[in-house]
Amino acid sequence: MQDNTPRNDLILFACFSIAVLAMPLWTAPFGADYPDLLQKFAIYGIFAIGFNILFGLTGYLSFGHAAFLGVGSYTAVWAFKLLTMNVLPAVLFGVIFAGIFAAAIGFLSLRRTGIYFSILTLAFAQMSYNLAYSVLTPLTNGETGLQLRGTDPRLLDSLLGVATPDGLPSPNLFGFELLGYPSFYFCAVMLIIAFYLALRITRSPFGTMLRAIKSNQNRLSYTGVNTRPYAMAAFVISGMYAGLAGSLLAVTDPLAGAERMQWTASGEVVLMTILGGAGTMLGPILGAGIIKYFENIFSAFNDATLHSIFGFLPHWLSDPLVAVLGLFVGDGWQLTLGALFMVIVIFLPGGLMEGATRLIQLTRRKRPDGGSSEDAAGSRRAFHAGE
Amino acid sequence: MDAIVLQILNGLDKGGAYALIALGLTLIFGTLGVVNFAHGALFMLGAFCSVALQKLLTLSMKVKDPSVTFFDAYKQIPYLEIWLGDTGKAIIDYAVPLSILVAIPVMLLIGLAMERGLIRHFYKRSHAEQILVTFGLAIVLQEIVKHFFGANPVPVPAPATVAGSADVGALLGLGSSVIYPWWRLIYLGFSLVVIAIVFAFLQFTTFGMVVRAGMADREAVGLLGINIQRRFTIVFGIAAIVAGLAGVMYTPILPPDYHIGMDFLVLSFVVVVVGGMGSLPGAVTAGFLLGILQSFASMTEVKSLLPGIDQIIIYLVAVVILLVRPRGLLGRKGVMEG
């Protein structure tokens with residue numbers, strides 16, 4: 001990450017694009033090569049990239065980012081209901097509305113920094129969540145969640161004479177139905193665009209300014225820079241990313257519920273970013289992928305699968321083992337998440353990307369001496385250095 | 001008038017819980033400088049102390065029901081009742097007050113273990129990292145409780161003698177239309193007593209004096225040869241007890257489930273911010289004030305005027321306070337402003 005020449009960035013971007021587009025191929029050995037999960041990787045990757053622009057780059061810890069995700073989802077579903085089943089207007093409106101919402105919240109929250117900022121964003125997100133459940137029911141359909149109906153007006157569709165199928169229509173891209181893999185590729189292209197934009201933002205003078213805000217906001221103010229517009233821009237951009245992710249969630253499954261706005265969802269994106277490495281380009285996407293993958297795998301486990309896995313052990317050994325591990329899988333997946341959260345913050349605050357960088361540095365330092373084969377020892381040392 | 005008194009009373013018991021949790025949060029922040037997102041989990045653990053004790057006391061044996069003669073009927077009779085007769089019945093009835101005795105040592109231990117095992121390593125880290133690690137801990141504690149007690153709320157009844165309602169109107173000479181559950185009155189009194197004990201402890205004992213001195217200038221106290229760290233650890237334990245007791249006594253009012261702590265935590269943080277970060281009287285005042293405000297906002301008259309206001313009033317107040325007077329109602333100038 002030290003030499004950020006345009007050429008290296010181009011290589012990074014090219015590798016990233018190929019990796020994303022080829023995801024159905026290389027995830028097959030992990031048993032993750034089905035569109036539902038791949039879509040989630042891409043969507044939460046976008047969410048985490050956006051969050052990283054605010055948290056990793058600018059240093060503002062928002063605890064209410066799920067609110068923007070929810071707004072994006074609701075807007076997209078409304079676009080489906082009122083305008084057309086084409087996904088482009090839905091995504092566009094989702095991003096725009098989330099941006100406007102973020103501008104309003106950011107205008108107020110960014111007056112404070114540090115934990116006050118965190119609490120303010122948390123308060124706003126909880127407010128939106130509570131309202132979505134109660135008063136705004138005509139807009140959000142409360143607990144049931146906002147759904148498509150056969151009787152929706154869909155003005156643009158009826159204006160252009162698009163034939164409505166019997167039953168519920170599904171999202172399409174100019175007549176091409178987005179279900180299964182096409183839907184994943186739509187999300188993947190969005191992820192690549194989002195990544196490219198984030199890369200450009202990070203490398204631009206604007207990105208440098210954001211990093212300056214993170215490292216020392218006071219010093220920046222003393223040199224006569226008004227930091228508010230920059231932080232504001234970062235907040236809105238990051239809100240728009242969340243809106244994009246939210247509208248894509250609605251594209252893959254046209255349904256929006258208030259639980260997407262709950263603060264546990266905000267906590268999840270924080271964890272994704274931290275796990276991968278806040279402030280790095282690839283880290284948040286990696287974190288999002290890992291969490292969504294394990295969420296999917298672990299929550300499907302139950303005691304019976306565990307028993308079959310440890311079936312080779314004698315009973316007196318396997319039973320307690322299964323009992324303990326059973327806490328962490330299935331319904332207890334959240335426990336794994338919480339424990340992971342703690343372990344990462346305690347031992348590896350820089351996330352997996354920092355761990356990888358340390359490993360590379362260690363092996364590089366080793367190479368002139370001749371011995372570079374102790375990967376395990378190196379990783380252990382990197383772990384302890386983090387304490 | 002009656003309606004107003006009733007709403008104030010309604011707000012006070014919830015306000016008592018807010019005040020107790022916020023008091024602990026402020027104590028921890030003032031002494032250790034740590035933002036503890038796991039404090040709500042401590043409240044939840046306290047509540048489950050009483051659930052656990054109640055379950056333990058009512059461990060039952062299947063006994064043949066002699067009153068049914070047509071067929072073999074069985075009923076569950078708690079062991080305590082079998083062994084001790086009516087005394088056992090009374091003990092079971094008073095499970096919630098008895099849990100206070102259990103909760104104090106348990107919460108103290110949990111608090112000390114948490115501080116020594118985890119929080120200690122985070123004094124010098126950024127607030128963001130403190131928030132994140134305690135947030136992770138809160139999830140872990142919550143999930144463990146969920147594993148053992150299930151995801152549904154567990155009702156724990158109040159003792160039968162105070163299960164009814166009090167005619168507060170008659171007590172205050174206001175007429176007879178102000179009816180209020182006894183247990184909520186008890187909760188209010190209990191929270192006031194706990195708050196008074198904490199304040200008296202800090203104000204009138206040598207230990208409290210040292211702690212207050214440490215809050216003002218930790219380094220100077222350390223230079224005097226006082227092991228301020230150990231005292232702060234004990235303060236953490238005390239804060240854990242206070243949160244736990246708030247949870248124990250709250251169980252008859254609201255059957256606890258595993259995420260009750262999180263619901264209260266967010267609100268308590270708002271309370272701390274409104275009261276002023278680091279100000280103990282501020283936390284208590286803001287707790288009761290916000291509780292009352294919330295109860296007024298839930299009145300039907302107010303709701304019909306401003307729909308949804310009951311859901312957001314606390315957050316709204318917090319936002320206004322933070323923007324207008326960032327140090328909070330009673331906060332000192334310069335503490336965590338910015």
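Computation of the quantities below employed the complete heavy-atom set of this structure, encompassing side-chain atoms and omitting hydrogens, waters and symmetry-equivalent molecules. So that the names make sense, note that chain A is the first sequence line, chain B the second, and so on, each numbered from 1.
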- prompt: Using a cut-off of under 4.5 Å for heavy-atom pairs, which of B:Ile314, B:Leu141, B:Val273 has the most such pairs with chain A?
  reply: B:Val273
field: chain A interface, residue from B:Leu132, B:Val270, B:Val35 that has the most non-hydrogen pairs under 4.5 Å
entry: B:Leu132
field: Residues from residues 217-231 of chain A approaching chain B under 4.5 Å (heavy atoms)
entry: none
Listed partners of B:Glu115 passing salt bridge (charged side-chain N to carboxylate O under 4.0 Å, His left out), at least two apart: none
message: Is B:Phe148 close to chain A through its backbone or its side chain, or both, or neither, when contacts mean heavy atoms under 4.5 Å?
response: neither
message: Per the salt bridge (charged side-chain N to carboxylate O under 4.0 Å, His left out) rule, what does the pair list look like for residues 136-152 of chain B, sequence neighbours excluded?
response: B:Glu143-B:Lys146
- request: Check each atom of A:Tyr129 against the heavy atoms of chain B and say whether the ones under 4.5 Å are side chain, backbone, both or neither.
  value: neither
- request: Please report the shortest heavy-atom distance between B:Arg116 and B:Arg120, naming the atom on each side.
  value: O-NE, 2.9 Å
task: Please work out which of the three classes, parallel, tilted or perpendicular, describes the rings of B:Phe37 and B:Phe135, given edges at 30° and 60°.
output: perpendicular
field: Toward chain A, the part of B:Leu137 with a non-hydrogen atom under 4.5 Å
entry: both
query: Do the side chains of B:Phe236 and B:Leu32 get nearer than 4.5 Å, heavy atoms only?
result: yes
field: salt bridge (Lys or Arg N to Asp or Glu O under 4.0 Å) between A:Lys292 and A:Glu268, worked out
entry: CA-CA 10 Å; A:Lys292 282 294 149 191; A:Glu268 203 183 39; 3.6 Å; yes
Interchain contact, A:Leu122 with chain B, by part (heavy-atom threshold 4.5 Å): side chain
query: What pairs with A:Ser62 under side chain to side chain donor-acceptor pair (under 3.5 Å), at least two apart in sequence or on another chain?
result: A:His65
field: Atom group of A:Ile274 that falls short of 4.5 Å from chain B, counting heavy atoms
entry: side chain
query: Would you say the ring centroid of A:Tyr60 lies under 6.0 angstrom from that of A:Phe55?
result: no
message: Can a side-chain donor-acceptor contact be found between B:Gln229 and B:Tyr123 if the only test is distance below 3.5 angstrom?
response: yes
query: With a 4.5 angstrom heavy-atom cut-off, which part of A:Phe124 approaches chain B: side chain, backbone, both or neither?
result: side chain
query: Heavy-atom distance under 4.5 Å to chain B: side chain of A:Ile119, backbone, both or neither?
result: side chain
message: For B:Leu267, which atoms come within 4.5 Å of any heavy atom of chain A: side chain, backbone, both, or neither?
response: neither
message: At a 4.5 Å cut-off on heavy atoms, which part of B:His147 comes close to chain A: side chain, backbone, both, or neither?
response: side chain
- request: Please determine, among B:Ile139, B:Val140, B:Val266, the option with the most heavy-atom pairs under 4.5 Å with chain A.
  value: B:Val140
